[in-house]
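Counting starts at 1 for both ligands and their atoms, in listed order.
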Amino acid sequence: MRIDIVTLFPEIALAPLNESIIKRAQEAGIVEIHAHDLRSWAKDKHRKTDDYLCGGGQGMLLKPEPLFAAVEDLRQESTVVILATPQGRPFMQNDAHRLATCDHLLFLCGHYEGVDHRVIEELVDEEISIGDYVLTNGALASAVICDAVIRLLPGALGDERSPEEESFSDPNLLEAPAYTKPVDFRGLKVPEVLLSGHHGEIERWKQARALERTRRNRSDLLDSPPEAEEQ
Ligand code: ADE
C-alpha cells in the first residue's frame, strides 16, 4: 500500500508512524508513507494556503488552489482521497478493514476552520472524523487512521498476533480484562479461574467480564441495531 499525506505539518503526521509496528511495516515494504507540505503547492510568493471565509465568520479556511494542485499531482487511478475533518463520518474498525484493501490512500488534512467546500465536492471520496472533538489540525487524525489501517495489512503485526482476536472483531463487545504475572501483586490477585487451566470456564469467565465491561463503558454497543454488527 502507498499512503500520501498532504498537510501543513508533515512532521506531526509522520512522528507517530515512525515507531514500533508501523515503522517495521515500512521497513518490511508493507507500506510506503509520504508526507508532503501543502505549502509546496502554493504558487504565490508568500506561499499562502489559507484565506478568510466568504460571507464572513471567524477563522481561516484552506484555499482550493494548493489542494487541487496537490491532488492532481499525487492522485493515481486507484487512489482513495480522504479528508480528515470533525465534520466527517465517524471512523470505525470496519472502515479500517475496508481501507486496508486499497492500493493508495491520499489524506488531506484540514486546518483552521477546514477546507474550501469545492475541494470536498470535486476531490474528496471520504470525509472522516476520528471522534466528536476538535483537534488543531487533521495531521494527527490522519496518522490515527493510518495506524489503524496499516496494522491490518498482511504481515504488519508479525506471526504471533492476529487482528481478528481483539475488541471490535465482535463490534458489539469490548475485550475482557486481562492479567499477566505476578499472580499476586501487593495482595491484588489474578482471578483464580485464569490459573485453573479449564479452558471452558476461562472462556465463560471472559464472556461474562466482556459483557460487564461493555455495559459499564459502552452500553451504546449493546443497543446497536443488527446491521451495525457486520464488519
Ligand atoms: N481535524 C480536527 N479534528 C478532527 C477530528 N476529530 N477528526 C478528524 N480530523 C480532525
Side-chain angles (χ1 to χ4, degrees), residues 1-19 22 31 33-42 47-54 57-71 74-75 79-102 104-153 167-168 171 174 217-218 220-221 224 228:
M1 171 183 278
R2 178 182 166 113
I3 295 177
D4 287 280
I5 305 172
V6 176
T7 167
L8 289 169
F9 305 101
E11 286 175 19
I12 294 181
L14 286 181
L17 302 172
N18 281 336
E19 302 282 343
I22 309 300
V31 64
I33 305 172
H34 302 269
H36 311 269
D37 188 343
L38 177 63
R39 282 181 201 85
S40 61
W41 282 282
R47 298 213 170 265
K48 192 173 160 64
T49 54
D50 60 328
D51 216 327
Y52 295 101
L53 286 127
C54 294
Q58 285 217 320
M60 309 283 273
L61 216 54
L62 291 182
K63 292 162 64 61
E65 305 93 312
L67 284 164
F68 268 75
V71 173
L74 296 170
R75 190 165 50 188
T79 304
V80 177
V81 180
I82 296 167
L83 176 70
T85 164
Q87 271 73 50
R89 267 190 318 106
F91 183 63
M92 309 292 271
Q93 187 64 15
N94 59 353
D95 296 302
H97 280 279
R98 184 173 50 76
L99 294 176
T101 66
C102 298
H104 184 209
L105 303 179
L106 170 50
F107 286 87
L108 306 180
C109 304
H111 188 50
Y112 311 112
E113 296 308 304
V115 304
D116 184 286
H117 198 64
R118 288 165 289 189
V119 172
I120 297 170
E121 283 179 329
E122 295 295 317
L123 302 178
V124 170
D125 297 307
E126 303 196 21
E127 297 171 83
I128 299 183
S129 164
I130 63 160
D132 289 342
Y133 42 79
V134 182
L135 303 167
T136 53
N137 68 82
L140 263 183
S142 296
V144 167
I145 297 166
C146 287
D147 184 291
V149 169
I150 293 165
R151 66 186 286 285
L152 297 176
L153 297 177
S167 285
F168 302 110
L174 300 181
N217 293 341
R218 291 294 305 275
D220 57 304
L221 294 177
S224 300

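Put simply, part of Gly131 is less than 4.0 Å from ligand 1, judged by heavy atoms.
Annotation for ligand 1: atoms under 4.0 Å from non-hydrogen atoms of Ser129 are 6 (N), 7 (N), 8 (C). Atoms of ligand 1 lying under 4.0 Å from any heavy atom of Ile128, numbered from 1 in the order shown and given with element: 8 (C). Set against the non-hydrogen atoms of Ala84, the atoms of ligand 1 under 4.0 Å away are 8 (C), 9 (N).
Inter-residue side-chain proximity for Phe9 and Thr136 is flagged as unmet; no heavy-atom pair is nearer than 4.5 Å. Inter-residue side-chain proximity for Leu8 and Asp50 is flagged as unmet; no heavy-atom pair is nearer than 4.5 Å. Looking only at side-chain heavy atoms (C-beta outward), Leu135 and Ile130 come within less than 4.5 Å of each other. Met1 places a side-chain heavy atom less than 4.5 Å from the side chain of Val149. The shortest side-chain heavy-atom distance between Val115 and Glu127 does not fall under the 4.5 Å cut-off. Leu123 is listed as a side-chain neighbour of Arg75, based on a closest heavy-atom distance under 4.5 Å.
Nearest protein heavy-atom neighbour of atom 9 (N) of ligand 1: Thr85 N, 3.1 Å. Scanning the protein heavy atoms around atom 6 (N) of ligand 1, the nearest turns out to be Tyr133 O, 2.8 Å. The protein heavy atom nearest to atom 3 (N) of ligand 1 is Leu135 N, 3.0 Å. Of all protein heavy atoms, the one closest to atom 7 (N) of ligand 1 is Ile130 N, 3.0 Å.
Of the options Pro86, Pro90, Gly138, the smallest heavy-atom separation from atom 4 (C) of ligand 1 is shown by Pro86.
Between Leu83 and the choices Ile128, Val119, Leu108, the side-chain contact (heavy atoms from CB on, under 4.5 Å) rule is met once, by Leu108.
Considering backbone and side-chain atoms together, Ala141 places no N or O closer than 3.5 Å to any N or O of ligand 1. Looking at Val134 next to ligand 1, no N or O pair under 3.5 Å apart turns up.
Shortest non-hydrogen contact noted between Leu140 and Pro16 is CD2-CG, 4.5 Å.
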